[in-house]
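Whatever order the structure lists ligands and atoms in, that order sets their numbers, starting from 1.
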Amino acid sequence: MTSHLVTGIGELVTHDERWGGPLQDAALVAEDGRVVWVGRAADAPPADRATDLGGAAVVPGFVDSHTHLVFAGDRSAEFEARMAGTPYTGGGIATTVAATRAASDDELRARLRALADEARAQGTTTLEIKSGYGLDVEHERRLLRLAREVTDETTFLGAHVVPPGIDRGDYLALVTGPMLAACAPHARWADVFCEPGSPVAFDGDEARAVLGAARDAGLGLRVHGNQLGPGPGVRLAVELGAASVDHCTFLGDTDVAALAEGDTVATLLPGVEFSTRSPYPDARRLLDAGVEVALASDCNPGTCFSTSMPLMIALAVREMGMTSAEAVRAATLGGARALRRDDLGHLRVGARAHLAVLDAPSHRHLAYRPGVPIARGMVL
Ligand code: NIG
Ligand code: FE
């Protein structure tokens with residue numbers, strides 16, 4: 001076992017309340033992949049090897065708790081149409097399903113790995129990855145097998161939409177029966193796109209059936225809810241004890257109250273509002289109500305083709321009323337809570353030694369320098 005001292009940290013965000021905020025002139029020691037010491041550089045213990053970051057700021061590695069990285073095809077024309085005013089409805093998902101089914105494992109793997117590398121290069125050290133572009137038993141299982149090559153945080157999203165050519169009731173029976181049975185061994189979580197206003201997604205009763213079956217199969221629960229309009233997704237997620245409800249763009253007072261009382265994280269995905277020209281969710285309202293908020297990329301070919309957590313932080317600060325400190329917390333500790341992981345998203349002793357190293361003196365530069373690649377992931 002070798003110990004690794006990282007020193008020359010100009011500012012260190014640990015999320016350890018005992019420090020009362022970011023530490024200046026800090027150092028950290030990792031051993032066997034875990035943080036074993038944190039403090040002032042001047043007090044650092046000796047270690048087997050040392051890296052001097054020359055004054056860089058360090059925050060916990062970003063925990064991107066919502067992505068759809070296994071897919072094929074291109075939907076840039078759909079993006080262009082949305083920029084010209086065409087609303088997003090979820091109808092384009094079928095295009096990606098067709099392209100994904102037609103792609104070989106190696107083609108899907110190559111793109112998945114490239115996107116995971118792209119995320120790491122921008123400071124992301126943990127990725128959740130969903131299926132949802134296979135939508136039959138074999139292809140959903142295949143996408144989860146591929147996702148598992150990259151992360152343990154895999155999510156079965158057979159209930160993304162009802163694919164063309166199959167009756168709704170028959171598809172629900174498949175998703176809650178044979179498809180779930182085939183996919184559960186490859187997944188930690190199950191998710192459902194609950195959007196009663198959409199002809200392709202699932203209403204509250206259907207989502208309840210999907211989540212109930214997934215829970216019985218031993219999976220943790222997550223929900224795509226309240227993305228395109230008000231609906232039952234948020235309240236259902238809280239009622240069923242889901243780890244996270246994601247999007248939360250259209251919330252009523254009862255949704256906010258339910259989130260404040262329950263232990264379901266509200267995961268906000270501002271890249272989606274950016275890329276679909278939609279109103280941003282009201283993060284301030286959630287934070288002021290005491291809700292645990294996470295930020296994630298939702299990287300997917302339809303609503304947000306970006307892996308950049310620094311972009312999500314910049315949008316949250318510029319458009320959603322979050323301070324830089326709140327946005328960084330949501331992109332790290334918030335994401336970890338959305339995955340129910342207490343070893344990620346912070347840099348207290350015992351945490352995984354996953355860092356985002358910033359080519360900047362302060363975490364504030366993540367929002368202050370939008371579009372500039374100042375963050376990189378470092379796993380010790
Ligand atoms: O999280 N809203 C549902 N699913 C994805 C978009 C999928 C797509 O359009 O390909 C989302 O936004
Ligand atoms: Fe999504």
So which heavy atom in the protein is nearest atom 9 (O) of ligand 1, and how far is it from that ligand atom?
Tyr88 OH, 2.5 Å
State, without any angle test, whether Trp189 and Glu153 hold a side-chain donor-acceptor pair at a distance under 3.5 Å.
yes
Taking atom 1 (O) of ligand 1 as the reference point, the nearest protein heavy atom with its distance
Asp298 OD2, 2.7 Å
Go through ligand 1 atom by atom and flag the ones less than 4.0 Å from a non-hydrogen atom of Gly302.
8 (C), 9 (O), 10 (O)
Does Tyr133 have a heavy atom less than 4.0 Å from any atom of ligand 1?
yes
Give the atoms of ligand 1, by number and element, whose distance to some non-hydrogen atom of His66 is under 4.0 Å.
1 (O)
Ignoring hydrogens and angles, write down the donor-acceptor pairs under 3.5 Å from the side chains of residues 363-380, residues two or more places apart or on other chains.
{"residue": "His363", "atom": "ND1", "partner": "Glu11", "partner atom": "OE1", "Å": "3.0"}

In this structure, atom 2 (N) of ligand 1 is nearest to the protein heavy atom Gln227 OE1, 2.6 Å
Check whether any heavy atom of Asn300 sits under 4.0 Å from an atom of ligand 1.
yes
For atom 4 (N) of ligand 1, find the nearest protein heavy atom and state the residue, atom name and distance (0.1 Å precision).
His160 NE2, 2.8 Å
Can you list every pair that meets ring-ring contact (aromatic ring centres under 6.0 Å, His included) and has a residue in residues 274-333, with sequence neighbours left out?
Phe71-Phe305
Checking Arg277 against Phe79: charged group under 6.0 Å from the ring centre and within 45 degrees of the axis?
no
Could you identify the N, O or S atom of His68 positioned closest to the Fe ion (ligand 2)?
NE2
What do you reckon, are the aromatic ring centroids of His354 and His346 less than 6.0 Å apart?
no
How open is the angle at the Fe ion (ligand 2) from atom OD1 of Asp298 over to atom NE2 of His66, rounded to 10 degrees?
80°
How are the rings of His247 and His66 set relative to one another: parallel (under 30°), tilted (30 to 60°) or perpendicular (over 60°)?
perpendicular
Suppose we measure from atom 12 (O) of ligand 1 to each protein heavy atom; which comes out shortest, and what is that distance?
Thr303 OG1, 2.7 Å
Are Glu273 and Ser278 linked by a side-chain donor-acceptor pair shorter than 3.5 Å?
no
Answer key: the N, O or S atom of His224 nearest to the Fe ion (ligand 2) is NE2
Close N or O approach (Thr96, ligand 1; < 3.5 Å)
no
How about Asp64 and Ser297: does a side-chain donor come under 3.5 Å of a side-chain acceptor?
yes
Touching ligand 1 at all, Glu195? Heavy atoms, strictly under 4.0 Å?
no
Within the side chain of Arg188, is there an N or O that forms a donor-acceptor pair under 3.5 Å with the backbone of Ala184?
no
